[in-house]
Amino acid sequence: MGISKRAADAYTLFKKAKKIKTYGKLVLDSVDEDTRPGALMKLGIRGTLEIAGKALGVSLLSHPYFTFHKAHLEALALALNASATSDSAKEALNRAIRSADSTAALTKSLSDYRSRNKGLLLNYGLFVKGYLELLSNPKDPEMAKEIQESGLTPESMKTKTDQNIYEWRAMYCELFLDSVQLLTMAHVEYRTTQAAMQKFDQKMKTLSSGGSIGKVFAYGAEQDRQWAEFDRATNPGTGSQKAVSDPVGFARDQVYTIQTISDQLGENCETAMGDEAYRPEIILHAMNAL
């Protein structure tokens with residue numbers, strides 16, 4: 001099969017883990033510790049990502065997603081620290097919507113993860129299952145004949161099988177690690193959405209209590225929000241209507257979707273790293289095809 005260095009590193013990382021399937025939760029816990037509602041901007045996005053990166057064993061700051069969105073994240077931090085004016089209220093709302101939309105963009109990666117998972121199950125059937133069945137009783141005349149016809153000895157077939165299982169496990173570790181990284185990204189966007197909406201609500205409250213002019217500004221900001229929601233409702237492809245009407249709820253839904261798949265991949269990874277990998281009679285039944 002052959003594997004990448006990243007897959008080999010992921011295997012080394014998870015080989016040391018006692019409970020692989022809980023790894024994603026541990027990463028989120030490390031993020032949550034410093035990203036409670038309202039605290040994300042106080043800590044700073046870069047600090048949050050560095051904490052998550054340490055928990056993951058890799059640097060999220062070098063991930064293409066965050067490289068691409070660096071300007072967006074820095075602009076968000078500036079917007080949320082702005083003074084309570086009508087413009088910054090609208091900007092806080094717009095930033096919340098954009099972060100909610102970003103979680104939806106991340107969710108699109110799940111189709112690739114499902115395909116990779118199915119491919120790994122197929123790889124096991126092609127490169128591992130048959131060899132293990134032959135090695136289960138190499139002295140049986142029929143099995144001995146098949147081993148001989150393969151051009152291998154029982155010993156060399158076992159070596160090849162061990163290598164195939166190692167590579168298969170490493171690719172599962174890489175897939176699960178990818179899903180945990182994706183989940184962390186979505187979670188940071190979710191926390192960003194929360195922080196932005198808290199800032200928007202605070203600004204709207206300040207404007208509404210600031211006399212007639214403030215109420216006019218608050219009304220205008222809410223009108224803009226309703227028009228944005230209407231635009232999405234009437235123009236397919238412009239984004240989710242809920243990302244405007246309820247950015248936090250929408251982002252939370254995306255995080256839950258990603259977490260569900262990541263948890264399932266974590267269970268598959270833990271099964272792949274266990275003794276079941278050498279038991280083809282149960283391995284494929286124990287793995288979730290997603």
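Quick caveat: nothing in here was measured; it's all calculated off a predicted structure. Below, all heavy atoms of this structure are taken into account, side chains as well, without hydrogens, waters or symmetry copies. In what follows, residues are counted from 1 in the order of the sequence shown.
In summary, the side chains of Ser99 and Thr192 do not present any donor paired with an acceptor at a separation below 3.5 Å, with no hydrogens or angles considered. For Thr260 and Thr257, the side-chain atoms include no donor-acceptor pair closer than 3.5 Å. In this model, a donor atom of one side chain and an acceptor atom of the other lie less than 3.5 Å apart for Thr107 and Gln254.
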* **Trace of the side chain to side chain donor-acceptor pair (under 3.5 Å) decision for Tyr278 with Asp162** => CA-CA 9 Å; Tyr278 284 86; Asp162 288 341; 2.9 Å; yes

* To do: Under the side chain to side chain contact (heavy atoms under 4.5 Å, CB included) rule, what do Lys118 and Ser115 come out as? Steps first, then yes or no, please.
  => CA-CA 5 Å; Lys118 290 179 181 178; Ser115 296; 5.9 Å; no

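Side-chain N or O atoms of Ser102 include one that pairs as donor or acceptor with a backbone N or O of Arg98 at under 3.5 Å. In this structure, Thr184 contributes its side chain and Val180 its backbone to a donor-acceptor pair below 3.5 Å. No side-chain donor-acceptor contact under 3.5 Å links Trp168 to the backbone of Val128. A donor-acceptor pair under 3.5 Å links the side-chain atoms of Glu167 to the main chain of Gly2, judged by distance alone. The closest donor-acceptor contact from the side chain of Asn164 to the backbone of Phe127 lies under 3.5 Å. Remark: side-chain polar atoms of Asn268 are not paired, donor with acceptor, to backbone N or O of Met287 under 3.5 angstrom. Without hydrogens or angle criteria, Asn235 side chain to Asp231 main chain gives a donor-acceptor distance under 3.5 Å. A distance-only check finds a donor-acceptor pair linking the side chain of Ser136 to the backbone of Glu133 [under 3.5 Å]. Although no hydrogens or angles enter the test, the distance criterion places no donor-acceptor pair under 3.5 Å between the side chain of Arg95 and the main chain of Ala196. Side-chain atoms of Tyr113 come within 3.5 Å of backbone N or O of Asp178 as a donor-acceptor pair.
Within 6.0 Å of atom NZ in Lys242, more than 12 heavy atoms from other residues, nucleotides or ligands are found, so the atom counts as buried in its surroundings.
Heavy-atom minimum distance, Tyr124 versus Ala277: OH-O, 2.8 Å. For the residue pair Leu121 and Ala289, the shortest heavy atom distance occurs at CD1-CA, 3.9 Å.
Between Asp140 and Lys145 there is no salt bridge, since no side-chain N of the basic residue sits under 4.0 Å from a carboxylate O of the acidic one. Taking a cutoff of 4.0 Å between a charged side-chain nitrogen and a carboxylate oxygen, Lys21 and Glu267 do not qualify as a salt bridge. Electrostatic pairing of Arg279 and Asp275 does not count as a salt bridge here, judged by no charged N lying under 4.0 Å from a carboxylate O.
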